[in-house]
Structures are given as C-alpha cells and as structure tokens.
Amino acid sequence: MLDPLSREQLLGLARKFHRAGTAIVWITQLLDELPDADRVAALDKGRIVFTGTAEEFFYPNFGAPSPCEQLGFPPPYTVEVARILMSRGIRFNERPLTPQQLAEALRWGP
C-alpha cells in the first residue's frame with residue numbers, strides 16, 4: 001500500500017541487503033516484484049503449491065498453463081507480451097521477466 005516512489009525505494013533497499021548477503025523473505029501479491037527473487041513459493045489455502053524460480057512460475061512447460069495461471073493470477077504484462085511474441089515465432093535466449101530484459105532480448109535477438 002505504498003506510493004510508487006516509496007515502493008521502489010523499499011525494493012531497492014531489499015536488493016541492496018540481498019546483494020550484501022542478507023536473506024530476504026518477501027511476501028507480496030504484486031507479481032511484478034518476483035523477478036528479483038532467487039526462489040518463489042506460492043501458497044493456496046495455506047499450503048505451498050509451487051516452489052521454483054520466477055521464470056518457472058510465469059512460463060508454462062509443454063503448453064500447459066503456468067503455475068501462475070493455475071493459481072488464477074494473470075502474469076505480469078512483460079511476460080504476457082513475451083509469450084505472445086514467442087507464440088508468433090520469436091525466440092529468446094532467456095525468457096524475459098522485466099521490461100528491461102524484454103527490451104534487451106528484442107534489441108539483440110536470439
């Protein structure tokens with residue numbers, strides 16, 4: 001419930017502590033905050049139903065819905081755009097999670 005500037009400042013502080021070696025447990029419903037995570041755990045009715053990377057959470061395997069979608073969440077806009085591009089034949093070396101990663105992937109191509 002922070003304004004955008006305060007939210008970004010808090011995320012930046014958490015990133016700084018994480019880079020310094022501090023373990024951070026971040027609880028959020030804002031899925032665009034997940035790309036910074038080393039590991040994602042998703043809960044449903046108090047039970048852990050997914051653990052893995054943000055990439056594994058947002059991108060489906062073998063055409064099945066992603067864990068994100070299985071839990072009823074829409075993926076972040078960047079992931080939606082990347083998945084549409086992938087469905088139209090554009091290939092990425094890495095599946096982008098942030099706008100910066102998507103822009104970089106499109107700039108340089110596969």
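Owing to the predicted nature of the structure, the values given are computational and were not obtained by experimental measurement.
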Residue pairs meeting side chain to side chain donor-acceptor pair (under 3.5 Å), one or both in residues 71-80, sequence neighbours left out, come to none
Residue pairs passing the salt bridge (charged side-chain N to carboxylate O under 4.0 Å, His left out) test with at least one member in residues 9-30, sequence neighbours excluded, are Glu8-Arg15, Arg15-Asp36
So the ring-ring contact (aromatic ring centres under 6.0 Å, His included) pairs with at least one residue in residues 21-54 (sequence neighbours excluded) are Phe50-Phe57
Going through the checks in order, is the side-chain contact (heavy atoms from CB on, under 4.5 Å) test met by Arg83 and Ser66? CA-CA 11 Å; Arg83 288 176 52 184; Ser66 69; 4.0 Å; yes
Sorted by chain and number, sequence neighbours left out, side-chain contact (heavy atoms from CB on, under 4.5 Å) with Pro4 holds for none
query = Would Leu31 and Leu11 show up in the same hydrophobic cluster when neighbours are defined by side-chain heavy atoms closer than 4.5 Å?
reply = no
Hits for salt bridge (Lys or Arg N to Asp or Glu O under 4.0 Å) against Asp44, two or more places apart or cross-chain, chain-then-number order -> none
Residues passing the side-chain contact (heavy atoms from CB on, under 4.5 Å) test with Gln101, sequence neighbours excluded, are Pro96, Leu97, Thr98
Salt bridge (Lys or Arg N to Asp or Glu O under 4.0 Å) filter on Glu55, not counting sequence neighbours, yields Arg95
Sorted by chain and residue number, the side-chain contact (heavy atoms from CB on, under 4.5 Å) partners of Leu30 (sequence neighbours excluded) come out as Arg7, Thr28, Asp32, Glu33
Hits for side-chain hydrogen bond (donor to acceptor under 3.5 Å, both in side chains) against Ser87, two or more places apart or cross-chain, chain-then-number order -> none
For Ala54 and Leu34, the nearest pair of non-hydrogen atoms, with its separation, is CB-O, 3.6 Å
With sequence neighbours left out, the residues meeting side-chain hydrogen bond (donor to acceptor under 3.5 Å, both in side chains) with Asp3 are Ser6
